[in-house]
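Encoded as structure tokens, the structure appears first; notes follow it.
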Protein chains: 2
Amino acid sequence: MDKFNLKLLELVQKNNRLTAEQLSEKVGLSPTACQKRLKKMREDGVIREDIAVVNRSKVGQSVTLIVEVTLESERPEYLDQFKKTMRNTPEVMQCFYVTGNADFIVILSAKNMKAYEDFTRRYFFENRNVKRFHTNVVMDEVKLGLSIPVELLEE
Amino acid sequence: MDKFNLKLLELVQKNNRLTAEQLSEKVGLSPTACQKRLKKMREDGVIREDIAVVNRSKVGQSVTLIVEVTLESERPEYLDQFKKTMRNTPEVMQCFYVTGNADFIVILSAKNMKAYEDFTRRYFFENRNVKRFHTNVVMDEVKLGLSIPVELLEE
DNA sequence: CGTGAAAGAGCGGACTT
DNA sequence: AAGTCCGCTCTTTCACG
């Protein structure tokens, strides 16, 4: 993790379709060196995945919700079961197991509030292990990213 | 937005480095048709960006926190000021303005708890407009994505 | 890490349905 | 309007210095 790799990460976190040549100009290495480094970071799992981000509002997904979920029991088998369900549920974009008042924080996407109501029925009300949940409706996506600022990274 | 585009979106949301040929096999169109469709979706903003996702734990960012923030005043000028600060703060990965108990939900990344403590001092305790905040420490990133499930999309 | 050649992928034009 | 085929160009890849 030297400054070249950090610079590469900074760039590809914003845009992973830059060519090796474009990267090389900004990084100060040869194109091939950039590619070799990126390949290694992908193999090592430093770069976890390369994805396209879709604009929700352009594909009929107009509401985003953040739900705090508390389970009846925090026994491992119930936790794992809940995690598995969240992973396999398409509406769920993100899910975190957390300390604090709630057990899970779930970020999900829906076509409209009716669709979310249906979701709560299926996954929360009909799940005996869900003790309670509290819904926050997103009014403004102030900032939305998965990127890590290079200022915070270490060599 | 026909079924071909939806299939393409499904694929590139998981991996945008697939070649046009690989896509064509799964989609059932020619490679060129896939490229043209993707190009158009990028131009139209349906695909918003193409990014590499970095594994935080491998670059010295070991803790993720989800914070519910309540402001003293919800007057527009204060809201906007807080939003602007969040957008410009590198530690903040995501920030949502929400209805519910809190005003904002902030997802942020830090090197360790000490670094988060410093963060709270700077941005929460020293901000007179922050009435209270509640921190959830992420123990497990169960699911982490910005993707939209294709099952939910409409043609 | 850089160079250079070979293989592969992307891009655009012309033609077809 | 959209898809396919084909050829050119740019990119990636890999062996070697």
Side-chain angles (χ1 to χ4, degrees), chain A residues 1-61 145-148 150-155, chain B residues 1-55 58-60 145-155:
Chain A
M1 270 300 141
D2 56 11
K3 67 169 186 169
F4 295 115
N5 275 359
L6 291 181
K7 186 71 183 167
L8 285 169
L9 285 181
E10 179 182 5
L11 293 166
V12 297
Q13 281 194 120
K14 291 199 197 105
N15 181 3
N16 73 351
R17 305 185 76 221
L18 295 170
T19 65
E21 192 179 355
Q22 292 171 312
L23 292 170
S24 75
E25 291 166 10
K26 307 192 183 199
V27 171
L29 290 172
S30 73
T32 5
C34 292
Q35 285 185 327
K36 283 178 187 169
R37 281 163 172 268
L38 285 173
K39 185 176 181 215
K40 182 144 199 327
M41 288 197 281
R42 290 192 167 105
E43 285 167 359
D44 294 348
V46 176
I47 294 176
R48 187 157 95 164
E49 51 185 0
D50 290 85
I51 62 169
V53 179
V54 173
N55 192 334
R56 280 207 296 294
S57 63
K58 299 230 176 188
V59 286
Q61 292 289 291
L146 299 176
S147 303
I148 300 150
V150 172
E151 301 95 291
L152 302 178
L153 302 186
E154 300 177 328
E155 301 202 359
Chain B
M1 271 301 142
D2 57 9
K3 66 169 187 171
F4 295 114
N5 275 0
L6 292 181
K7 185 72 182 167
L8 285 169
L9 285 181
E10 179 181 4
L11 293 167
V12 298
Q13 283 193 119
K14 291 199 197 106
N15 181 3
N16 73 351
R17 303 184 78 221
L18 296 170
T19 66
E21 192 178 354
Q22 291 172 312
L23 292 170
S24 74
E25 290 165 9
K26 309 193 181 195
V27 170
L29 286 174
S30 73
T32 331
C34 292
Q35 283 181 335
K36 286 179 182 170
R37 281 164 171 269
L38 285 172
K39 187 181 178 208
K40 182 144 199 328
M41 287 197 282
R42 291 192 166 105
E43 285 168 356
D44 293 348
V46 175
I47 293 176
R48 191 165 80 170
E49 50 184 2
D50 290 86
I51 61 168
V53 180
V54 172
N55 192 332
K58 301 232 175 186
V59 287
L146 299 176
S147 304
I148 300 148
V150 171
E151 302 92 297
L152 303 179
L153 303 188
E154 300 178 326
E155 302 201 359

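The model shown is predicted, which means the values in this text are computed figures rather than measured ones. Order of the sequence lines fixes the chain letters, A, B, ..., with proteins taken first and strands second; residue numbering starts at 1 for each chain.
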(request) Figure out the CG/C1' separation between B:L29 and D:dA2, and round it to whole Å. (result) 10 Å

(request) Return the value, rounded to whole Å, for the distance between atom CD of A:E25 and atom C1' of D:dC10. (result) 14 Å

(message) Determine whether a donor-acceptor pair (N or O, by modelled atom type, separation under 3.5 Å) exists between the side chain of B:D2 and the backbone of B:N5.
(response) yes

(request) Rounded to 10°, tell me the angle between the two end axes of the helix from C:dG2-D:dC16 to C:dT17-D:dA1, each built from five pairs. (result) 30°

(request) For the pair B:K58 (side chain) and A:D44 (backbone), establish whether a donor and an acceptor sit closer than 3.5 Å, ignoring hydrogens and angles. (result) yes

(message) With a 4.5 Å cut-off on side-chain heavy atoms, are A:M1 and A:L9 touching?
(response) yes

(request) Measure the NZ-CZ distance between A:K40 and A:R37 for me, rounded to the nearest 0.5 Å. (result) 10.5 Å

(message) Using 0.5 Å steps for rounding, measure from the OG atom of A:S30 to the CD atom of A:E21.
(response) 11.0 Å

(message) Can you measure B:Q22 atom CD to D:dT12 atom C1' for me and round it to whole angstrom units?
(response) 14 Å

(request) Would you give a per-nucleotide map of nucleotides 9-15 of chain C, 5' to 3', where B means the base has a protein non-hydrogen atom under 4.0 Å away, S means only the sugar-phosphate does, and - means neither? (result) SBBBB--

(request) Report yes or no: does A:Q22 contribute a side-chain atom to a donor-acceptor pair with the main-chain N or O of A:T19 at less than 3.5 Å? (result) yes

(request) State the CG-CD distance between B:N15 and B:E10, to the nearest 0.5 angstrom. (result) 12.5 Å

(request) Would you mind reading off the distance between B:F4 atom CZ and D:dG3 atom C1', rounded to a whole angstrom? (result) 10 Å

(request) Nearest whole angstrom, please: distance from the C1' of D:dG3 to the CG of B:L8. (result) 14 Å

(request) Report yes or no: does B:N16 contribute a side-chain atom to a donor-acceptor pair with the main-chain N or O of A:I51 at less than 3.5 Å? (result) yes

